[in-house]
Every structure is written in structure tokens, then in C-alpha cells.
2 protein chains.
Amino acid sequence: MDKRINPKLRILLGAEIAIGPGKADLLDAVARTGSISAAAREMGMSYRRAWLLVDTMNRCFKRPLVEASKGGSGGGGARITEQGLDVLARYRAMELKAAASVAAEMREFTQLLA
Amino acid sequence: MDKRINPKLRILLGAEIAIGPGKADLLDAVARTGSISAAAREMGMSYRRAWLLVDTMNRCFKRPLVEASKGGSGGGGARITEQGLDVLARYRAMELKAAASVAAEMREFTQLLA
DNA sequence: ACGCGATATATATTCAAAAACATAACGGAT
DNA sequence: ATCCGTTATGTTTTTGAATATATATCGCGT
């Protein structure tokens, strides 16, 4: 409902497959919380949705970004893999670099907005 | 349904407001065809949708990007304004520059995809 | 005067994505 | 043996977006 523009530059790879702003944030939340359900809660989405997104990511890349286990002390959990950390780092780096490369142009551009 | 990834880097400004890949293409089509309905046909979308997108763009910027007129020889039409050309050029330039800035990283990144 | 093709807008319908709900399996802790 | 929280997955319901449909207006050409 906010008429204001989100000033964040958004970089997507492909047709919302593989990874994008949302999936990157989710991956980050899984890494921090150690579980898909905690990440989902934190991001205000259903567990099912979060699980599906993680599943999509896992299947889009050659090697899984997240590994999960059920049962156990805390009921189970999920860990980000080496590959996952790598992908997240690369994505964030690209996001930053791309945004920085057009920061000046973007500042001028936003002046044209109402 | 295509499992393959669209390799095009996509740059959006804000939460699909103001402008993005789709609106830029539409703006371009309107500029080329001289009418919203022709642009809609060309892009395979309903006239209503195209009109709404154009309307959103017009209201998001300080000055309209497209000016339309009804009636007349061909029934009417739509013209891209100076401002519209400017916005489109700036957007395309940013798109290109941002993509170029991370082209090498993107090449490496896509190697990780299945 | 009338028709044509386009803009402009309202309303209704369709359809797919998201959410909600449900359930099974797992395995350590109590 | 039971309980808990989580993963994993199926089914149903809801919601929202896109489309379809309809209507009014405009103004030039015939």
C-alpha cells in the first residue's frame, strides 16, 4: 500500500528459478536459525512454502544448498552446506557490485519519480 | 515448464512499481507501434493490462511517459513523451551497465547450476 | 450521419499461486 | 511408551491476478 518506492536494486537470475532476493534471504535465515521452520516463522511465511523454496534451490543447483534431518533432540533441523554458503556469498557479492555500478545513475533516476 | 534457466540478468527498481523489464519492453513497444493496443497485441497481453501498466508508469513518474489520444484517423493512438524516451534510455543503460559489471561473476555462477 | 479503431473504464469470470489444514515419519529426551 | 518439534508431503480452501466481456467516448473519413 505504500506509494513510496523500495530503493533497493534487485538482481534476479532467470525466471524466479534458482535464486533471487527472496530465496537468498531465506537461505540466510536457514543458515542463522538452523531450521527451515524457524526461518519460515522469522520470515512470516508458511513452513510449506519455505520448504518448497529450499527444495527448488536444492534441485536447481548441481549440489544441494541445504541439508536437513528429521527427529533428534530439537526435532530435527537444517544446515546450510559449503555449496550453500558459496552460492549465498556469490549472490550477495553480485547484488552489491551491480548496485554499486549503477548507484550514481540510480540516484539521478529516482529524481524522476513522483 | 522449461527447466532451463533464463540467462538474462534482470534489474528491477522497487517492488514492481515504476518500471522493470516488462514495463520497459511495453514502453518500447508503444513507442514503436504508436498505440497501446498494438503494443498489447504484439506482447500477447490484454489491452486492459497494457493500459493499466502504462497508467501505473505515468502516475509513478513526475511527468507522464506516454500520452494518448482518442478518435481521429486511426481511431487514436499513443505517443511516448520526451520524458518517456529519457526514462527508457536511462533504464536500458542501467540494465546494461549492471549486467556488464557482474558478467564474469555471473558466468562462474551459472556453472554451479544443474 | 455513420462506421471504424482506438482510448478509457467498469464489471464479471477464470485460473493459478499462496495459504491453510492435515497427516505421517523420525529420533532423541523424559 | 510417550511426547515434542521438525522434516516431508498430500489435500483443500482462499485469495488475488489476469482475462474476458461490456460500454462510453472520441474524432476523422467516407
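Predicted model only: the values in this text are computed from it and were never measured. Chain naming here is simple, since letters A, B, ... match the order of the sequence lines and numbering starts at 1 in each. In what follows, every heavy atom counts, from backbone to side chain, and hydrogens, waters and symmetry copies are set aside.
The separation between B/L53 atom CG and C/dA8 atom C1' is 15 Å, rounded to whole Å. The distance between atom CG of B/D55 and atom P of C/dT7, rounded to the nearest whole Å, is 13 Å. To the nearest angstrom, P of D/dC26 lies 6 Å from NZ of B/K70. What separates CG of A/L52 from P of D/dG10 is a distance of 10 Å, to the nearest Å. One can place CD of B/E67 at 19 Å from P of C/dA6, the figure rounded to the nearest angstrom. Rounded to an integer number of Å, the gap from CD1 of B/I36 to P of C/dT7 is 5 Å.
With D/dT6, D/dC28, D/dT7 as the candidates, the nucleotide lying closest to the side chain of A/A68 is D/dT7. Taking the side chain of A/Y47 as heavy atoms from C-beta on, and the options D/dT7, C/dA8, D/dT6, the nearest nucleotide is D/dT7.
Of the side-chain N and O atoms in B/S37, none sit less than 4.0 angstrom from OP1 or OP2 of C/dG5. Note on B/W51: every side-chain N or O is 4.0 Å or more away from OP1 and OP2 of C/dT7. The shortest distance between the side-chain N/O atoms of A/R41 and the OP1/OP2 oxygens of D/dT6 is below 4.0 Å.
Distance check: A/L27 CG to A/R32 CZ gives 10.5 Å after rounding to the nearest 0.5 Å. Here the CZ-CD1 distance, from B/F109 to A/I19, works out to 5.0 Å after rounding to the nearest 0.5 Å.
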Can you check nucleotides 17-19 of chain C for protein contacts, nitrogen or oxygen pairs under 3.5 Å, and list what you find?
{"residue": "C/dA19", "atom": "OP2", "partner": "A/R49", "partner atom": "NE", "Å": "3.4"}

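Heavy-atom neighbours of B/R63 CZ from other residues, nucleotides or ligands within 6.0 Å: at or below the threshold of 12.
Partner of B/V30 under the side-chain contact (heavy atoms from CB on, under 4.5 Å) criterion, chosen from B/D25, B/V66, B/L88: B/V66. The side-chain contact (heavy atoms from CB on, under 4.5 Å) with B/R90 is formed by just one residue from the set A/E108, A/E105, A/M106; it is A/E108.
The shortest side-chain heavy-atom distance between B/V87 and B/M57 does not fall under the 4.5 Å cut-off. A/L96 has its side chain out of reach of A/R92: every pair of non-hydrogen atoms, C-beta onward, lies at least 4.5 Å apart.
If you find the closest nucleotide of DNA chain D to A/G34 and to A/S73, the one lying nearer the 5' end belongs to A/S73. Comparing B/A38 and A/G75, the nucleotide of DNA chain C nearest to each residue sits closer to the 5' end for B/A38.
Residue-level contact check: A/G72 touches the bases, meaning some heavy atom is under 4.0 Å from a base atom.
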